[in-house]
Every structure is written in C-alpha cells, then in structure tokens.
*Asks:* 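Just dropping this structure here.
The structure presented is a predicted model; accordingly, all values stated were derived computationally and were not measured. Each chain gets a letter, A, B and so on, in the order its sequence line appears, and its residues count up from 1. Keep in mind that the numbers below use all heavy atoms, side chains included, and drop hydrogens, waters and symmetry copies.
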Amino acid sequence: MCAVFCAALSFAVGSALGQSPLPPDRAFRFSARLIGPQTVEARFSIADGYYLYRDKIHFAAEPAAGLSVPALPHGAAKEDPFFGHVETYRGSVVVNLSLTEAKPGQQVVIAAESQGCADIGLCYPPTIQRVAIPIPEGSPAPASSGESAKKSWFN
Amino acid sequence: MLSIQLNRSARISLYVLAGAMALSAGVGLAIWDRQPPDARELLALSLPDAQGAEQPLRQWRGKVLVVNFWATWCGPCRDEMPEFVKAQRDLGPRGLQVVGIAIDQPDKVVRFAKDLDLNYPALIAGYEAMEVAKPLGDRLLALPFTVVLDRQGKVAHTQLGPMKPAQLRKIIGDLL
C-alpha cells in the first residue's frame with residue numbers, strides 16, 4: 001500500500017512557474033454592457049502579470065446586428081524578433097462597439113476572441129468569451145446602415 | 001421496541017458503511033489523480049511535419065523522448081527552444097530525441113525552424129492535438145508544455161512553462 005502511496009505522492013508535475021496560472025477567462029476577463037441605444041462598451045480586465053495581444057482581439061455579434069468595430073486603442077509597442085512590431089495591453093482595454101441593426105427587445109450576444117500570455121512564461125491559445133446584451137424594448141429603432149463595417153470571423 | 005433498535009442499528013451500520021465507501025472512493029480518486037500520467041494517447045499521435053510527411057511518435061520508442069508543445073506566437077516557447085537544440089546536438093548520439101509539436105501554421109514553423117537551425121522534427125498540429133496534453137497536466141492547454149518520456153515510453157516529467165537548462169540536462173541525464 002505504501003508503495004502505491006509513495007510512488008503516487010512522489011510523482012509531481014513539475015513547473016517552473018512557481019504559482020498556478022489563471023485560466024484565460026480569469027486572466028483576461030471580458031465584460032460588455034449597453035451604454036447607448038446602439039453602443040456596447042466592451043472591456044477586457046487583464047490580471048496583473050498578464051498581457052493581451054492587440055492584433056489577436058476580434059469581436060463578433062450573434063446575430064450580427066450590424067456590428068461595427070472601431071480601431072482598437074494602441075497598446076504598448078515592442079519589436080518581436082519573429083513577428084516585428086506588436087502591441088500588447090495590460091490592465092484593461094475598452095472599446096465601444098456599434099450595433100447599428102439591433103432591434104428593440106432583441107438579445108445580442110457579443111463574442112470576444114482574445115489571446116495573450118503570462119509573465120511567468122506561458123501563452124494561452126485563443127479564447128472566446130461571450131456576453132449576452134438585452135436590447136431594451138424602449139430603444140429607438142436603429143438607423144439603417146447598408147454597409148456597416150462588419151467584423152465577424154465566424155462567417 | 002426491539003424492531004426500532006434494530007432499525008437504528010441498521011441505520012447506523014448503513015451510515016458507517018456509506019461513510020467508509022465514500023472515504024475509500026475519495027482516497028482511491030486521490031491516488032488515481034496522483035498516478036504518473038499515461039503517455040499512450042501522446043505516443044499514439046501521428047502528425048505531419050512541416051513538409052507534410054506523417055510522423056508517428058511511436059517511431060521514437062526506445063529513445064528518451066522530449067515532446068515539446070510550442071508555437072511561434074508563444075514568446076516563452078521560442079526562448080527555451082535553443083536549449084532543446086543544444087540538448088539534441090549533445091545528447092542525440094546517446095539516445096535523446098526531441099520532438100516539437102507546433103500549434104501553428106506550417107509556413108511560420110518552417111521560417112522559425114530555419115532561423116533557429118532546428119535540428120529536431122517540428123510536427124504541425126491544431127489545437128485539438130493539445131487535448132492529449134490535458135491528462136498529462138496541461139489543463140489550461142497553455143504553452144510551452146513539455147513531456148519527457150523514458151526509453152520504455154513512461155512519463156518521467158511534465159512541465160508547463162519553460163524548462164531551465166540545468167533542469168532539462170539533469171532529467172534527461174538521469175534517463176539516458
């Protein structure tokens with residue numbers, strides 16, 4: 001019995017990290033809220049010691065609801081020996097999304113894809129987080145926009 | 001009265017039995033959870049290399065195998081790879097085989113392999129291949145993740161995050 005116990009207990013998954021890494025949805029917590037009839041504030045709250053890549057952040061809406069994504073704010077720039085110029089975010093990043101075709105009473109799910117790393121020496125695969133945004137009944141009818149700058153990597 | 005007492009005794013016995021079963025199940029699970037992970041799923045992988053040729057991992061059975069999950073988009077992965085190159089160069093003749101599994105696009109892997117003068121196979125995989133790393137300890141599917149197997153194909157070490165050069169040499173040295 002001791003042989004089983006001792007063998008079991010002596011085997012340890014090694015780690016150079018010294019602390020347990022957070023799961024990506026806690027390291028890069030996504031939230032979204034309606035701040036205007038057609039405007040959603042999308043926010044990543046980034047835990048200390050973690051960072052997100054600017055060019056790996058993408059948004060989609062389900063249904064599409066005329067989603068328009070502005071240019072993301074600039075992050076801290078660095079020269080990567082392999083990828084060249086890259087920008088990263090720490091702390092938080094906020095972007096206001098437009099839902100130009102959202103209908104009153106409709107629920108729109110904002111899907112945010114992100115990818116980042118931890119200073120302790122690891123990187124996460126791309127992660128998608130979703131937040132449901134109920135559009136209030138009293139919202140004014142959205143202005144029609146034939147060609148909104150849709151950005152959906154799901155299509 | 002007697003029947004009530006018997007019922008009580010029976011109830012107490014049942015509680016004791018249930019408690020003992022729960023305890024033994026818990027202990028069993030704890031032992032199972034701490035058992036050295038099984039590399040069978042990992043060794044069953046067959047992945048294309050950067051040139052598209054299928055490379056089953058079983059072909060390296062009998063060698064001390066270091067399987068490193070990495071990607072070009074993972075800075076810490078790239079930083080530790082020169083140590084794998086050195087280890088392969090120095091210890092390859094003694095029976096070490098390093099294998100990289102890149103969760104990446106072939107063109108990027110080819111370019112990075114050329115930059116680094118990679119001297120070991122770089123296999124290409126999608127995120128689904130990372131599922132084999134989950135039972136080996138990479139529950140977050142993060143990179144880099146390294147598995148060291150002995151000559152019998154048993155897991156000797158797994159590590160999330162970069163390996164220190166001295167640590168890598170020590171682990172491999174003990175197995176060669």
Side-chain angles (χ1 to χ4, degrees), chain A residues 1-28 47 49-58 76-88 90 113-129, chain B residues 27-37 69-81 103-104 108-109 111-112 114-116 126-131 133 135-148 154-165 167-168 170-171:
Chain A
M1 188 66 180
C2 177
V4 176
F5 255 107
C6 299
L9 294 174
S10 66
F11 186 90
V13 173
S15 174
L17 305 175
Q19 55 180 289
S20 295
L22 294 173
D25 57 351
R26 282 179 56 208
F28 315 111
Y50 294 78
Y51 57 93
L52 279 180
Y53 286 107
R54 180 179 185 238
D55 68 343
K56 302 288 186 190
I57 293 177
H58 306 283
K78 76 167 192 179
E79 288 306 310
D80 182 279
F82 188 69
F83 287 106
H85 180 83
V86 294
E87 293 181 33
T88 57
R90 289 177 185 270
E113 185 182 68
S114 66
Q115 197 248 309
C117 302
D119 291 334
I120 49 178
L122 58 83
C123 293
Y124 296 89
T127 303
I128 296 174
Q129 298 178 72
Chain B
V27 169
L29 273 175
I31 293 172
W32 178 79
D33 198 40
R34 287 170 185 273
Q35 284 292 322
F69 290 86
W70 69 286
T72 59
W73 46 262
C74 165
C77 302
R78 293 181 342 223
D79 291 345
E80 75 168 342
M81 286 174 70
I103 312 300
D104 215 324
K108 288 183 177 154
V109 173
R111 186 155 70 91
F112 184 71
K114 200 174 168 191
D115 286 357
L116 194 65
Y127 291 107
E128 66 281 356
M130 287 295 292
E131 286 297 322
L136 293 169
D138 189 5
R139 291 179 186 179
L140 300 175
L141 303 183
L143 300 174
F145 183 68
T146 303
V147 185
V148 183
K154 284 189 184 147
V155 178
H157 184 84
T158 66
Q159 181 150 326
L160 178 59
M163 296 191 75
K164 292 188 175 112
Q167 175 202 22
L168 178 67
K170 168 86 172 69
I171 293 166

*Asks:* Identify which part of Tyr127(B) has an atom lying under 4.5 Å from any heavy atom of chain A, answering side chain, backbone, both or neither.
*Replies:*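 It is the side chain, since no backbone atom gets that close.
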
*Asks:* Under a 4.5 Å heavy-atom cut-off, does chain A meet the side chain of Asp115(B), its backbone, both or neither?
*Replies:*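 Contact with chain A is through the side chain of Asp115(B) alone.
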
*Asks:* Which atom names give the shortest non-hydrogen contact between Pro125(A) and Trp73(B), and what distance separates them?
*Replies:*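 In this case the closest contact between Pro125(A) and Trp73(B) is CA-CH2, 3.9 Å.
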
*Asks:* Below 4.5 Å from any heavy atom of chain A, which atoms of Arg78(B) appear? Answer side chain, backbone, both or neither.
*Replies:*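 Side chain only.
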
*Asks:* Can you tell if the side chain of Pro21(A) reaches within under 4.5 Å of the side chain of Leu160(B), non-hydrogen atoms only?
*Replies:* yes

*Asks:* Can you check whether Pro76(B) reaches Cys123(A) side chain to side chain, under 4.5 Å on heavy atoms?
*Replies:*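 They are in side-chain contact.
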
*Asks:* What residue, out of Leu141(B), Ile171(B), Thr146(B), has the most heavy-atom pairs lying under 4.5 Å from chain A?
*Replies:* Leu141(B)

*Asks:* Please walk me through it: do Thr72(B) and Phe83(A) pass side chain to side chain contact (heavy atoms under 4.5 Å, CB included)?
*Replies:* CA-CA 9 Å; Thr72(B) 59; Phe83(A) 287 106; 3.5 Å; yes

*Asks:* Nearest 0.5 angstrom please: Lys108(B) NZ to Phe82(A) CZ, how far?
*Replies:*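 Lys108(B) atom NZ to Phe82(A) atom CZ measures 7.5 Å (nearest 0.5 Å).
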
